[in-house]
Amino acid sequence: MSSTASSSKTDDAETLRRHRILSSHLYYDVPPSKVPLIYSPSYDIAFFGIEKLHPFDSSKWGRICRFLTKEGITDQKHLVEPVEATKDDLLVVHSESYLKSLNSSLNVSMIVEVPPVAMLPNCLVQKKVLHPFHKQVGGTILAAKLAKERGWAINVGGGFHHCSSEKGGGFCVYADISLCIHFAFVRLNISRVMIIDLDAHQGNGHEMDFSDDRRVFILDMYNPGIYPLDFEARRYIDLGVEVKSGTATDEYLTKLDHALEVAEKKFDPDFIVYNAGTDILDGDPLGRLKISPDGIASRDEKVFRFARERNIPLIMLTSGGYMKSSAKVIADSIVNLANKSLIDMKS
């Protein structure tokens, strides 16, 4: 193919992407009575107990909100309900062939790492497994609009950082981070995005998607000895900080302070996507790090303070976390952010 033809094809793809974004209904006006905390009961995944075969707690999103309600921080009527992402929305990043591959229950079972899903009729898989992900994708995308308007937003779900445009994996079916950023470029007049990925696992999905996009700067602080071991994607990390198995709280937070200092010198973002996985928690069987619950609250506080002091809108996604205690740790961290006046939970 000639360079002219290739350039024309790229232009056509960008025009179609822009059209899909501008035609989407995922952005809508949220009334001031709502706080920028996004959740739907549809987030929680339950299909005959099979979901319990994966270490991920697929009911953690609802439990986070129940903890927040119990603490008196917010209640269901003040939360923001997202719109479900449609096929056209997903095509902003994903290919037709990738989305078609999800019509195979076997393929979905490999992505979510629950083998019995392969035995279920695909119509059931679409309803019980993929529908919750559609909702969470809608939540991540809407979070960017809310953050631009109010300074911050938290999607109680999302953060599927192992999924790229052409490949899912690690319980990540759709590339919500990539989708969110592309929507923000077109709809929010945003031009420079920093991804701060502090999940224990390397965020190989968004790294592949933005491998040649200088508008996106990726700070990824991850355990190099665990999944996904994606050495190609590591080439596209702008600032990589390796935290090996057994790293404890003080060392972790010191490394984070230094990473944020370096990131500020290297890149001047007008938007931050914060992937706040709690699989760094001490005892997490997959993250293999030793960060205390208070350490996670301090971590989140540092990132929110970094954004607040520079007046940069920020969204937080809850991402990975493979212990039942994760939901309470996340809720406690959100309470801490409110107590430190880094977020305003009053409607």
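Residues take their numbers from the sequence shown, with the count starting at 1.
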For [X], all residues meeting side chain to side chain donor-acceptor pair (under 3.5 Å), sequence neighbours excluded:
X: Asp176; value: Thr140
X: Asp220; value: none
X: Ser97; value: Ser95

For [X] and [Y], indicate whether the former's side chain and the latter's backbone hold a donor-acceptor pair under 3.5 Å.
X: Ser105; Y: Leu120; result: yes
X: Asp209; Y: Ser165; result: yes
X: Asp282; Y: Ser292; result: no
X: Arg308; Y: Ser341; result: yes

Minimum heavy-atom distance between [X] and [Y], given as atom pair plus value:
X: Cys163; Y: Tyr98; result: SG-OH, 3.8 Å
X: Val243; Y: Pro224; result: O-CD, 3.7 Å
X: Asp279; Y: Ala200; result: OD1-N, 2.8 Å
X: Arg215; Y: Ser191; result: CB-O, 3.3 Å
X: Met323; Y: Pro285; result: CG-CD, 4.0 Å
X: Pro36; Y: Arg150; result: CD-NH1, 3.7 Å

Assess, by modelled atom type and distance only, whether the side chains of [X] and [Y] contain a donor and an acceptor separated by less than 3.5 Å.
X: Thr86; Y: Asp89; answer: yes
X: Asp230; Y: Gln202; answer: no
X: Asn223; Y: Ser245; answer: yes

* Asked: Given Asp300 and Val303, is the side chain to side chain contact (heavy atoms under 4.5 Å, CB included) satisfied, shown in steps?
  -> CA-CA 5 Å; Asp300 295 348; Val303 175; 5.9 Å; no
* **Test side chain to side chain contact (heavy atoms under 4.5 Å, CB included) applied to Ile343 and Ile334, step by step** => CA-CA 8 Å; Ile343 60 176; Ile334 292 171; 3.9 Å; yes
* Just one of Lys266, Lys265, Arg214, Arg192 clears the salt bridge (Lys or Arg N to Asp or Glu O under 4.0 Å) bar with Asp238, so which one? -> Arg214
* **Steps toward salt bridge (Lys or Arg N to Asp or Glu O under 4.0 Å) verdict (Lys135, Glu81)** => CA-CA 9 Å; Lys135 272 283 195 178; Glu81 171 103 20; 3.0 Å; yes
* **Of Ile64, Val80, Asn155, Asp44, the residue whose pairing with Tyr39 passes side chain to side chain contact (heavy atoms under 4.5 Å, CB included)** => Asp44
* State plainly whether the residues Glu14 and Arg18 are in salt-bridge range, i.e. N to O under 4.0 Å. => no
* Asked: Is there a path from Val335 to Leu79 through hydrophobic residues (I, L, V, M, F, W, Y) whose side chains come within less than 4.5 Å of each other?
  -> yes
* To do: Please answer: with hydrophobic residues joined when any side-chain heavy atoms are less than 4.5 Å apart, are Leu130 and Leu106 in the same cluster?
  => no
* Under the ring-ring contact (aromatic ring centres under 6.0 Å, His included) rule, what pairs show up with a residue in residues 212-246, not counting sequence neighbours? ->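 Applying ring-ring contact (aromatic ring centres under 6.0 Å, His included) to every pair that reaches into residues 212-246, excluding sequence neighbours, yields His162-Tyr227, Phe217-Phe267.
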* Residue pairs fulfilling salt bridge (Lys or Arg N to Asp or Glu O under 4.0 Å) with at least one residue in residues 241-260, sequence neighbours excluded -> Glu251-Lys255, Asp257-Lys302
* Any salt bridge (Lys or Arg N to Asp or Glu O under 4.0 Å) involving residues 64-73? Give me the pairs, sequence neighbours left out, ordered by first then second residue. =>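 Pairs touching residues 64-73 that pass the test: none.
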* To do: Measure centre to centre between the rings of Phe133 and Phe171, then say whether the value is under 6.0 Å.
  =>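 Between Phe133 and Phe171, the centre distance is under 6.0 Å.
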* Asked: Once the angle between the rings of His161 and His206 is folded into 0 to 90°, is it parallel (under 30°), tilted (30 to 60°) or perpendicular (over 60°)?
  ->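 Tilted.
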* Might you work through the side chain to side chain contact (heavy atoms under 4.5 Å, CB included) test for Val173 and Phe160, ending with a clear yes or no? => CA-CA 7 Å; Val173 183; Phe160 306 124; over 6 Å; no
* **More than 12 heavy atoms of other groups within 6.0 Å of Lys290 NZ** => no
* Asked: Are side-chain heavy atoms of Lys324 and Ser59 found at a separation under 4.5 Å?
  ->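 They are in contact (side-chain heavy atoms under 4.5 Å apart), so the answer is yes.
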* **CA sep, side-chain torsions, deciding dist, call: Leu260, Ile196, side chain to side chain contact (heavy atoms under 4.5 Å, CB included)** => CA-CA 9 Å; Leu260 291 173; Ile196 300 177; 4.0 Å; yes
